[in-house]
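Here's the structure we're looking at; comments come further down.
Lettering follows sequence order; numbering is per chain, from 1. We use all heavy atoms of the structure for the numbers below, so side chains are in, but hydrogens, waters and symmetry mates are not.
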Amino acid sequence: MEQVALEAATHDVSLWALFMQAGLIVKMVMIGLMGASVWTWAIVIDKYMSFAKARRQFDQFEQVFWSGQSLEELYRTLGERQNTGLAAIFVAAMREWKKSFERGARSPIGLQMRIDRAMDVTMSREGEAYEARLGSLATIGSAGPFIGLFGTVIGIMTSFQAIAGSKSTNLAVVAPGIAEALLATAIGLVAAIPAVIAYNRFMGEAGKLSSRMEGFADEFSAILSRQIDEKLQPRQAAQ
Amino acid sequence: MKGSIGTSLVLHSVLLGWALVSLSSPMQLNVADVEALPVDIVPVESITQMQQGDKKAPLTEKPSVKETKNQKVVENAENAGESDIDLKSPPTPAKKPLKTEAAAAPKPVERPTPTPTDEDNQVKDIVKEETAPKPQEVAALPQPKPEPTPPKPEPTPPKAETPPPTPTPTEAKTEEAPLPDSVPLPAAKPKQEPPKEQAKPVEKPVEKKPDPPKPTETAKADTKATEASKPTDKKEGKKQETAKSSSSKASDFNADQIAALLNKQDASGGGAKRSTSPASTGSTKPSTGSKLSVSEMDALRGQIGKNWSYIAGIEGAEGVVIRVHMRLDQSGMIVGEPEVSSSGGSDTARRTLESSARRAVLRSSPFKNLPADKYDAWSEVIVNFSPSDLDML
């Protein structure tokens, strides 16, 4: 009885001790999962900030766009800058419009199509930027628990082998091994749970932003098509 | 992105650092120092299978009756005692004769022709009522049998009371005379008749007292009487047969032959089972209080079930429970007729199942694989069956 008590006392069950006692595979799993957790939180912080920034920019641009300011003027001020979001779509459409009119557009339908294409391309590029790295969040969220479980299974296997070797099933002998093995699953869950939550949240935000961009693109396309008609009709009447 | 990775790393290291500090020394699990409580499993048989032995003997581990001197071994004996014939309750007959004889002598003098049988029966009943309760109690304890002789005078007094009013000295003499012969054969029952009859003629007013008990107890008494009168009765058949035969003899009672009527058997213990161990409290039978185990009981049921040609699909057979009560001898053969009774289900199903159960029991005798050392436990067996059991067999 005393012997067992002594043995139990020698077992350090602090986190660090548990980690150091673990086998190589379990250690690697733990380190990998810790890395995944760091990466997850890095993405979460990054995305949170970038989405907040994008929303702010959208609001600002819409305010400027609908303020009645001349579109030419707006284009001129924005043209020199690196634009994102709605501003990028606006600049792309205006650039296409300018190019077509500088050379003298032949058909209004062709011009309309080109402008729409330009806006679509910009939109998808912007959308991609919003959804970038969300995929890794999804992967960590779904695979994290499994990786942790793998570490646990390996850890328990080794601890059972140790039991077989020591021929003792005393809880004091078994417990540290199992605790160490379970640590792997715990880390896996710690990494996966925020990843899943963040993924769902950011996918929703990205969807909202892209639908907002689509709405703006449709509206701007309608405005441009009206402009085209107004500009081409006098010419046709002149001919 | 770099900034956010850095932030994330910092956050993680802070969290880990906190975890290392706070979780590094988990609270020691303080196990309450509870002393183990020793639990003993006490077999319920020690309470339910209590046995009465020799009251005066010291209490020993194994209950045992008084040591028997008669070492002639009687086969299949179940009841402890010194006699050569295995009888269950010898004292009962022994008592009856006493009273009857006391009254018996005068009878032939006054009435040479005994009254019709009906009356006889009634009379018997009454006598039994008075005596019956006591003998039964005594029957349970064969040991005290030697003692009964002293009590005998006690029962007689009530009768003696009735005579006092009668001034006839002859009766008193007769009463006194039989008393010493208090150990007659169990056959003395008939003599019981005379006392009553005799009493009746002598003092009718006084006898009215005894009469009232008749109607009140007639119900019980009649049934007992009828049972008793049947010579075919299984348990007490022997005794009662002897009683009957003796009763017929009693009618031509001869005082000179009284010695011939005396019971030469030792009054103590009617059984013939020998006991070698010294007397001790705990048992009337020299048994160990053993009990058939579940598997042994199942084996017995299995043997019956194997021989049971059960007809499936009898209507109303679902709730039927058949109870077979049989006596077995040491070789496993059935002694006498098994008693089969049943309950639940429809009447027809019951009847069919009862008869099939009887056939199965008779066919499966002799029963095998019953432990010989537990014969006391299976000498008398009650087996319960229900159709659902048979389906499993």
Side-chain angles (χ1 to χ4, degrees), chain A residues 1 4-6 8-21 30-53 129-130 132-134 136-137 140 170-172 175-176 178-180 182-183 186-187 189-191 193-195 198 202, chain B residues 1-49 60-62 288-299 302 369 371 373-374 392:
Chain A
M1 207 58 206
V4 172
L6 283 173
T10 56
H11 273 297
D12 194 353
V13 284
S14 68
L15 280 186
W16 183 248
L18 282 180
F19 175 75
M20 289 313 285
Q21 282 165 23
M30 285 184 195
I31 290 169
L33 284 171
M34 282 309 292
S37 181
V38 170
W39 182 235
T40 302
W41 282 98
I43 292 169
V44 167
I45 294 162
D46 181 57
K47 283 288 159 190
Y48 182 80
M49 296 201 306
S50 66
F51 278 135
K53 197 174 143 200
Y130 292 136
R133 300 205 193 90
L134 285 184
S136 57
L137 275 190
I140 292 169
N170 194 308
L171 202 58
I178 291 175
E180 155 214 313
L182 288 176
L183 187 61
I187 297 174
L189 290 176
V190 163
I193 292 169
F202 291 137
Chain B
M1 196 64 206
K2 273 177 193 167
S4 50
I5 289 177
T7 323
S8 172
L9 266 175
V10 169
L11 276 176
H12 275 83
S13 46
V14 166
L15 204 73
L16 268 179
W18 172 79
L20 281 176
V21 172
S22 72
L23 300 182
S24 62
S25 52
M27 255 208 297
Q28 287 291 326
L29 192 68
N30 284 324
V31 182
D33 195 17
V34 182
E35 214 168 286
L37 194 71
V39 174
D40 241 4
I41 295 174
V42 183
V44 75
E45 284 81 27
S46 64
I47 296 157
T48 57
Q49 293 215 329
T60 58
E61 207 169 298
K62 192 178 170 185
T288 52
S290 63
K291 194 180 144 193
L292 281 190
S293 71
V294 176
S295 60
E296 284 157 357
M297 205 66 206
D298 274 346
N369 300 328
D373 55 328
K374 285 188 188 173
M392 295 190 304

Which distance, rounded to the nearest 0.5 Å, do you find between the CG of B:Leu15 and the CG of B:Leu20? 10.0 Å
Using atom types as modelled and distance alone, determine if a side-chain donor or acceptor of B:Thr7 lies under 3.5 Å from a backbone N or O of B:Gly3. yes
Answer key: most heavy-atom pairs under 4.5 Å with chain B among A:Ile45, A:Asp46, A:Val38 is A:Val38
Report the option among A:Lys47, A:Arg133, A:Met34 that has the most heavy-atom pairs separated by less than 4.5 Å from atoms of chain B. A:Arg133
If you draw a 6.0 Å radius around CZ in A:Phe51, do more than 12 non-hydrogen atoms from other residues or ligands fall strictly inside? yes
Where the side chain of A:Ser37 meets the backbone of A:Leu33, is there a donor-acceptor pair that is under 3.5 Å apart? no
Proximity breakdown for B:Leu11 and chain A, heavy-atom pairs closer than 4.5 Å: side chain
